[in-house]
Amino acid sequence: MSEILKTGNNSEISAQEFAEARALALRAKRASTQLARAAGSVRTAALRKIASELRVPAQQERILAANLEDCRAAERAGVSDALLDRLRLNERRLMALATSVDEVAALPDPLGTIEDLSVRPSGIQVGRMLVPLGVVLMIYESRPNVTIDAAVLCLKTGNAALLRGGKESRNTNRALADLLQSVLRQSNLPEEAILFVDRPEHSFLYALLKQQGHIDLAVPRGGESLIRSVVEHAAVPVIQHYKGVCHVYVEESADLNMAESIILNAKLSRPGVCNAMEGIVVDEQIASEFLPRIVKSLGAHGVEVRACVRSLKHLAPLEFPHVRAASEEDFDREFLGLTCTLATVSGMDEALAFLDRHGSRHTEAIVTQDYASGLRFLREVDASCVLVNASTRFNDGGELGLGAELGISTSKLHAYGPMGLRELCTRKFVVFGHGEIRPS
């Protein structure tokens, strides 16, 4: 093997890095085989132990001390408020994380479930059995809660997890990984079923992404540039989620009180997350009444509004100094902060065309009192989650009943939307016979 390996896209991996990445992937692969064969009750008991440990005051103190160190370093580096919010942990968030782990533990074990069982003319019975994917490489930025979410979902489904967090949360992730591996040891499960990748170099990540046959799936969670880089360098399958440009469409029959409440929640509850609303689309028939009202409400909460030309006609500049003309590029942006776009359209057809052009296939919502309009929106909008009369913030694994999520896929293979337990399984054919043979 040469000292430097070319990746084919102007990046280089040293032979040593490739070998180290291969060794790490092989350790995870061996552990995944053992984990998949462990009893479901043992895996579930380990999850309950993780939840219990997250509630122990001494563990919380250790994790929060590591997190404080990361947050202080991030503040010195001048990171954005949105990134800092994703990074920061506190006792309330740790308790919520423990509750989420308990919820996953309480869910039915999907492994071994046989679906679509049918009898063929030959007499054999054919079904599809849920089985683990194998080794999941999780690549994420800033959110240390992903360390726990990814680990528990993989444990529940018999998958080994390689956890490669961002450098900004390195201390927190290490503390959480120590907790996880301690629980694995106590549970007599393979410790290497969860491996923390404490290597921040991009070249080592690229080496991991080349481990075909040893890593079965890569799941990147973070900014668009991270995800594009992972896709560019990967030789293993990748679940893609480029960005969350989510909209609320206020249809002409909408209850305007409801619309205002949904928009404010979708934008303000956590502006820096991927299911936060980034754009408002309003029907022309109600624009003169609703636009001044919603823009005033958003302004009162410090939200800058970037409006299309048609929307600006309904807004007096002196009355709304926080409104400015939107550029075409604004409508494709994920702001992840207190900024949103505003567009006025002439009816459902134009609204659907607008979402086709500017949506990111993440989350789209409609506010309407018209049943047919709601059903048409559900049927025709291409997004991983489509909502009628509800906030975009509900596109979340916990809120949708998955317990937790590994990420939200905006590609359609192998999953679309939040990835929970079933999305971390694949299905193999199983056949029950009674001595049948196939005629020649």
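Quick caveat, the model's predicted, so the values are computed rather than measured.
We find that Asp149 and Arg143 are not joined by a salt bridge, their nearest charged nitrogen and carboxylate oxygen being 4.0 Å or further apart. At a threshold of 4.0 Å, the pair Arg228-Glu224 counts as salt-bridged, since one of the basic side-chain nitrogens sits closer than that to a carboxylate oxygen. For Asp102 and Arg55, the salt-bridge test passes: some basic side-chain N is under 4.0 Å from an acidic carboxylate O. In summary, Asp382 and Lys412 engage in a salt bridge, as defined by a charged side-chain N under 4.0 Å from a carboxylate O.
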For this session: Apply salt bridge (charged side-chain N to carboxylate O under 4.0 Å, His left out) to Lys243 and Glu278, showing your working.
Result: CA-CA 11 Å; Lys243 55 185 176 181; Glu278 302 290 18; over 6 Å; no

Problem set entry | salt bridge (charged side-chain N to carboxylate O under 4.0 Å, His left out) assessment of Arg185 paired with Glu191 | CA-CA 6 Å; Arg185 288 192 297 271; Glu191 187 176 341; 2.9 Å; yes

Exercise. Can you check side-chain hydrogen bond (donor to acceptor under 3.5 Å, both in side chains) on Ser253 and Glu251, steps first, answer last?
Worked result: CA-CA 6 Å; Ser253 71; Glu251 191 259 351; 2.4 Å; yes

For this session: Kindly determine whether Glu75 and Arg88 satisfy salt bridge (charged side-chain N to carboxylate O under 4.0 Å, His left out), including the steps that lead there.
Result: CA-CA 11 Å; Glu75 288 174 339; Arg88 183 176 289 114; 3.7 Å; yes

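Asp70 contributes a side-chain N or O that, together with a main-chain N or O of Thr172, makes up a donor-acceptor pair within less than 3.5 Å. Put simply, the side chain of Asn67 gets close to the backbone of Leu87: a donor and an acceptor are under 3.5 Å apart. Judged by distance alone, with hydrogens and angles left aside, the side-chain atoms of Ser391 form a donor-acceptor pair with the main-chain N or O of Arg393 at under 3.5 Å.
Rounding to the nearest 0.5 angstrom, the gap separating the CZ atom in Arg86 from the OG atom in Ser80 is 8.0 Å.
Residue Arg376 is tested with Thr368, Asp349, Asp370 for a side chain to side chain donor-acceptor pair (under 3.5 Å); the sole match is Asp349.
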